[in-house]
Amino acid sequence: MSLKDRKRFEPLEVEPRIVQRWLESGLFHPEPEGTAAENYSIAIPPPNVTGALHMGHALNGSIQDALIRYHRMGGAHAKWILGTDHAGIATQTQVEKRLKGEGTSREEVGREQFIRRTWEWREEFGGTIIEQFKRLGASCDYGDERFTLDEGYVKAVLKVFVDLYEKGYIYRDNYMVNWDPGSGSAISDLEVEDREVTDTLFHIAYPLTDGTGEVVVATVRPETMLADVAVAVHPDDPRYQDLVGRTVTLPLVGRELPIIADEYVKTDFGTGCLKITPGHDPNDFEIGRKHGLDELSAIGEDGRMTDLVPEYAGLTIAEAQAKVVADLDARNLVRAREPYLHTVPFSHRSGERIEPLISLQWFMRMDELAKPAIEAVREGRVKIHPESQSRRYLDWLENIRPWCISRQLWWGHQIPVWYRGEETYVGAQPPEGDGWTRDPDVLDTWFSSALWPFATLGWPDDTPHLRAFYPTDVLSTARDILFLWVARMVMMGLEFAGDIPFEHVYVHSVIQAPDGRRMSKSLGTGIDPLALIEGGPRPPVFTQGGTFPAYGADAVRFGLLAMSSTQDVRFSEEKVAQGQALANKLFNASRFVLLNVDESATPAPSTATIEDRWILSRLQAAKADFGARIEAFDFSKAALGLYDFVYGELCDWYLELIKSREYDAALSGHLLHVLRETLLLAHPVIPFVTEELWDNLPGTDGLLAAARRPAVDEHLRDPDAEHGIERVIATVQAVRSWRDASGVKPGEFLEAQMAGLDGLEPLCARLARLTPVDAGGREPVATIPVAGAQVDLLTGVDPAEAAAKVEAQREHLRKEIALVQRKLANEGFVAKAPEAVVAKEREKLARYEAELEALES
RNA sequence: GGGCGGUUAGCUCAGCUGGCCAGAGCACUCGCCUUACAAGCGAGGGGUCCUCGGUUCGAGUCCGAGACCGCCCACCA
């Protein structure tokens, strides 16, 4: 169907078709030519293979695509590095679920078979999110898709591990870790989230060994007392001065525990006595190491009691707690119990309560690597936007702690370490000889993600891709992985790729549900971007229910960009609707042009009339503004500025101003030119509708996505034309407003004599529906004041209503005049305010007075 | 406990280094089928800019105190 017969932009019909054309063009797959300084690249935060597109992906995709398309149209070789993350725990959990459904388990099928099954799973489901990115219009390099477990990537990971081991940064140690019973693995501090829980706080009496009394300690974990090795008090606590150095006898166990002094103990909490359990509490662990205490484990990695105290061996934690309390009660040693609300660590992944345990793990020392990463941001080589985030980055790196990098999983990069008796071998290739067994653990997924910007480009080989696209330009991400991922990429990039991984880090908003809660599937507050694009059901957070209209990808992209900010924002369906309105408006404006124009005309700017000069001038302003906003990562202003130009200038005024003109070659060419440039301008934000229109526009070849954006032409800026059209707009609005208030039909032509418009009368007359006449001495029935001009109406107005209207207008003017006069009468103001400000006030006064005078006559 | 951000129209948000007659989109009211778009067009109503104090000729904008909301970090058993 011809564009002229299509009254609306129908995204569901158009967008899939456009995606195909883009993909077939090969445009998104740039050859590795030139240097990274000339080229433009962004490495996508790799979504989990298990993932489906959520609002965060959609927002970040819209941001990155706007950047990539903008720079591609600026003439750069632009590569958006694409791929997915193997996501150790998440993926393993999915496959385990599937095995469970088949009546089997990970343990039953064995490691090799399990990994094979996981690859199969990935083949089947891993492409989902990639397809969804295509639907969004994201111009990623789909021809070069990477995976954090593909062959080349594994090579990079192993090399990094071995190098860091050889440098002495990676070591094995017994240490307190966050044990996640859900996944049966240690997890890092960053994967832990705190939740509020009400527990019972037990006050338990520990008798002094010499029988002279007791000390009372408070705990919410009585079962861990089996592994107690000391009792601590504050060194300055007057109550316990004489206890330090003596011992207590641990009830139920009989072990003699020293009473030690440590400043960690709070004198104002509980009894001021603290049981020390280095095996099961991170703080106690620190104190234990400081004082050289034993590290005993009462709870094992299976979540059951160890045989440390045989009568409890094998019990679950809950059972053990019940038994310990019962046994203490039997001995009358529980002095008090009270409900206690506190925060407790839970696994971010499995949702289970973290069990702090001592375990033999691989660690990575971070302080040496942190130093250059701190410098890079301090010196501005890596710039974080908004700037306030760099403080958080620096604070974290300055207080960095060793990173536990081993995970007790099967799906991931298996640690390249082999053991044979007392021997340890570390290397990218298995050791020679027999009898070696490989460490069963895999690396934390973030270890491999940390190499993303260079491992995806072929590192450790010196590849053309690496030379052409590393360092990348921008890394766009949410705040929550600033430490987990961004900081580590900077460290690894500097250490291994020899340069920063990206020049700019853009930290985007988190989009919250419309009610201000976090978007989450389980809360029912999640909004599926595809439901917005294609018209799916509204989730329960929306009060209105029903289904979304099929807004289309352009609308969603526009809406998300318009919503985005430097802080978290609530989802606003209105902004998406605004995007849809913009796409449709542009579509219809193009139809209007094509319906009227001489299609054989050559697109070329014309300066024939003041409105032509005006729109060219405004177009340059819009281009300059949009570019500056994009470069400054101010996507909201970029999108809304586009809207304002298309709606508020191009459609509302320019197209209306030209309607009575003859569409000769000059005007036709000019309209085609303005439209072309508008499409070029808007494409990074709303790529689909602009591409579709481009295809229908005479004189365009090839894809808009591949076209070059023309520079801002400063010669086309025209302040006189801008001022003139501003006056036309003010006049037309004044007349319309007057009509509306006076009850005069909008369509009725009124005779009027205009003054002070310097030749702009015909433009004003047409849009205001006035018939210009010479009053020839007739008294006007009404006078409409406009800035610097005057319109006398000679017909069509009820004199009484007009008089009332005039009086109201006078009243308003008198108030404004009084205000300005008061300001100017203030000596302080005149003396101290900048001259320009004072002049502006004087000018304002003169204008109001002139308008008032016109009304008085 | 420490740090950061926010509080502007019914809703979601703009308002830079102080000069604002305080804006936008949506919602609302009124009027229009004006030959691109009625999912449209035009015109309106609507705000003690959280509170109190201060600086200044002038404060939504700067300073101080407080209230409330959100996030991050560290966490007292």
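To find a chain, count down the sequence lines: A is the first, B the second, and so on, and within it residues start at 1. Predicted model only: the values in this text are computed from it and were never measured.
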Exercise. Produce a footprint string for nucleotides 12-18 of chain B: one letter per nucleotide, 5' end first; B if the base is under 4.0 Å from any protein heavy atom, S if only the sugar-phosphate is, - if neither.
Key: BSSS---
Exercise. With a 4.0 Å heavy-atom cut-off, tell me which residues in residues 582-590 of chain A come close to RNA chain B, sorted by residue number.
Key: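 Contacting residues: A:N584, A:K585, A:N588, A:A589.
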Exercise. In plain terms, say whether A:D199 and A:R221 are close enough for a salt bridge, that is, a side-chain N and a carboxylate O under 4.0 Å apart.
Key: no
Quiz prompt | Separation between CG of A:L582 and CD of A:Q578, rounded to the nearest 0.5 Å | solution = 8.0 Å
Quiz prompt | Inter-residue atom distance A:F558.CZ - A:Y643.OH, 0.5 Å rounding | solution = 7.5 Å
Quiz item: Are A:Y506 and A:F635 near enough that their ring centres are under 6.0 Å apart?
Solution: yes
Exercise. Compute whether any side-chain donor of one residue and acceptor of the other, for A:T525 and A:R517, lie under 3.5 angstrom apart.
Key: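 No, no side-chain donor-acceptor pair sits under 3.5 Å.
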Quiz item: Going by atom types only, do A:R736 and A:Q733 share a side-chain donor-acceptor pair under 3.5 Å?
Solution: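 No, no side-chain donor-acceptor contact under 3.5 Å.
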Quiz item: On RNA chain B, nearest-nucleotide positions of A:L595 versus A:V732: which is more 5'?
Solution: A:L595
Exercise. Specify the residue among A:L640 and A:L655 whose closest nucleotide of RNA chain B lies further upstream toward the 5′ end.
Key: A:L640
Quiz item: Has the side chain of A:D740 got a donor or acceptor atom sitting under 3.5 Å from an opposite partner on the base of B:rG42?
Solution: yes
Practice problem: Could you tell me whether the side chain of A:F587 reaches within less than 4.5 Å of the side chain of A:L693, counting heavy atoms only? | Solution: yes
Practice problem: Rounded off to whole Å, could you give me the CZ-to-P distance for the A:R401 and B:rC73 pair? | Solution: 12 Å
Self-check item: Range-with-range stems of RNA chain B (Watson-Crick or G-U pairs under 3.5 Å, three or more in a row)
Solution: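 Stems for RNA chain B, defined as runs of 3 or more consecutive pairs: B:1-7 with B:67-73, B:10-13 with B:23-26, B:28-32 with B:40-44, B:50-54 with B:62-66.
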